[in-house]
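In what follows, chains carry the letters A, B, and so on, assigned in the order in which the sequence lines appear, proteins first and then strands, with residues in each chain numbered from 1. Just the heavy atoms: all of them, side chains too, but no hydrogens, waters or symmetry mates, feed the values below.
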2 protein chains.
Amino acid sequence: MFKNIWGHLMAVKSERTREMLASVALGMFREIGFEKTTMRAIANEAGVSVGNAYYYFASKDDLVLELYEQVQNEHAAHASHTIEGLEGFGDRLKAVLHAGVDVMAPYHGFGGDFISTAIRPSSPVNPFGDQSAPAREASLALFHAVVKGASPALPEKLRNDLPELLWLAYMGTTLFWVHDTSENQQRTRRLIDGLVPLIAKGISLAKIPGVNRIFDDVLNLARSIRA
Amino acid sequence: MFKNIWGHLMAVKSERTREMLASVALGMFREIGFEKTTMRAIANEAGVSVGNAYYYFASKDDLVLELYEQVQNEHAAHASHTIEGLEGFGDRLKAVLHAGVDVMAPYHGFGGDFISTAIRPSSPVNPFGDQSAPAREASLALFHAVVKGASPALPEKLRNDLPELLWLAYMGTTLFWVHDTSENQQRTRRLIDGLVPLIAKGISLAKIPGVNRIFDDVLNLARSIRA
DNA sequence: CACATAATTTGAACATGTTCAACATGTTGT
DNA sequence: ACAACATGTTGAACATGTTCAAATTATGTG
């Protein structure tokens, strides 16, 4: 009966060590950047040994994954709330993209090193890889929600594949954001505000037969290329 | 009269040391990858000291820049030759993109680390940065040539900005190529073969008024977002 | 409780990218 | 030829990510 209490308490303590490490690491990433956040400094600040940090995180990159997951979850929470009142496809998409920029903002200085880590196919943070699947799913769900809840509804045949394409556009936006050195990343904001109506208008053109055929081709290409 | 001969010979010798280092490094990148190619191994293989390698290349990333430049130059040489006989815009674009994949092929294993380095805004290899300007210009010129030499000629208003957008698409293709684990990167080939006709058809739709307006919007957005 | 097993923690050790003061060699002006 | 200067070269030293055998602490068992 009682024998598991200590087990449980330890599980909690273990969890707490892990969370302490993550919290310290993320804070340092934000405040002083990737390079200055050395594993020794993290361990030191968290009050554990270097080796112990590696007991909880297999590599420094795994701490970046932790950051990625937290940011994606925050994005999901934040955005799913803001799109609730919005009906138009464009408005919903815009809200989700802006929410993404909002959530990432504190980490903009860290962005370069983040994306450099994330883009390496062998990295745990790679958004297409296995280890980041939970974060990716959370993000993808957001774009499914954008499409599903839109009114007027989007063309039937788009509803399956569009979310993934939008997620891809979101990845592109992030890439742009990382390189955006303008004050408060205003250029990224303008990109979003300019791009979204274009996507919306583009989709509305699907009614024109000639254009419609191209849409089919795009969708087919996207499908045939996927893994 | 003669006093400069030695100066010249030394300049040549210095150049040779540099080239030896570059050649050794690039070969090792190809054969054993980025991580196993240590600065010590490079220096050793080239028959110089570690410090001496740093006299010629400020960092390991600078050796990656060297690779980037050589590959882009090879691409320019190879592609400008192959498009000579081709008239159609699609054929020309396809040829240039395939030539790119051909030239990069030996380095596919290295691609992940390469792009991870290249995408960091602070990296000398960053394709949007100052240090890689020569390589970027060589590549951009290729897409200007694709557009300029196309027959039937492309719409007047596209001729200025299209090359840059095509170059961007090329960057995207490269990103795809890096993650492409299919045999001989065949999926990248299929992406190119599928994407190019779509671009060509898309452009031909500019005749339709409704579509034409969107084209203007895209071009305006692209212009307003640029630096 | 005593012991075995599992989970957690430590810090020294290693390989690597990079720096730098010292040295060596080549160049130029007188 | 000599002295100043410029160019090229060396290897030891440093900081950092990562590994690992050993120590410590917690849990389960008889």
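- In this structure, B:I32 atom CD1 and C:dA15 atom P are separated by 16 Å, rounded to whole Å.
- The CZ atom of A:F34 sits 19 Å away from the P atom of D:dA15 (whole-angstrom rounding).
- Residues that satisfy the salt bridge (charged side-chain N to carboxylate O under 4.0 Å, His left out) test with B:D62, not counting sequence neighbours, are absent from this structure.
- Under the 3.5 Å distance criterion, with hydrogens and angles disregarded, no donor-acceptor pair is assigned to the side chains of B:D102 and B:H75.
- One atom, CE of B:M20, and another, P of D:dG8, lie 17 Å apart when rounded to the nearest Å.
- Sorted by first then second residue, the salt bridge (Lys or Arg N to Asp or Glu O under 4.0 Å) pairs that include residues 168-186 of chain B, not counting sequence neighbours, are B:D180-B:R187.
- One can place CD of B:E15 at 18 Å from P of C:dG26, the figure rounded to the nearest angstrom.
- Heavy-atom distances under 4.0 Å link DNA chain D to B:R40, B:V48, B:S49, B:G51, B:N52, B:Y55, B:Y56 of residues 36-63 of chain B, given in residue order.
- Residues passing the salt bridge (charged side-chain N to carboxylate O under 4.0 Å, His left out) test with A:R223 are A:D161, sequence neighbours excluded.
- Legend: ring pair (Phe, Tyr, Trp, His ring centres under 6.0 Å) pairs involving residues 38-74 of chain A, not counting sequence neighbours, sorted by first then second residue: A:Y68-A:F114.
- Shown here are the side-chain contact (heavy atoms from CB on, under 4.5 Å) partners of A:I32, two or more places apart in sequence or in another chain: A:M28, A:K36, A:T37.
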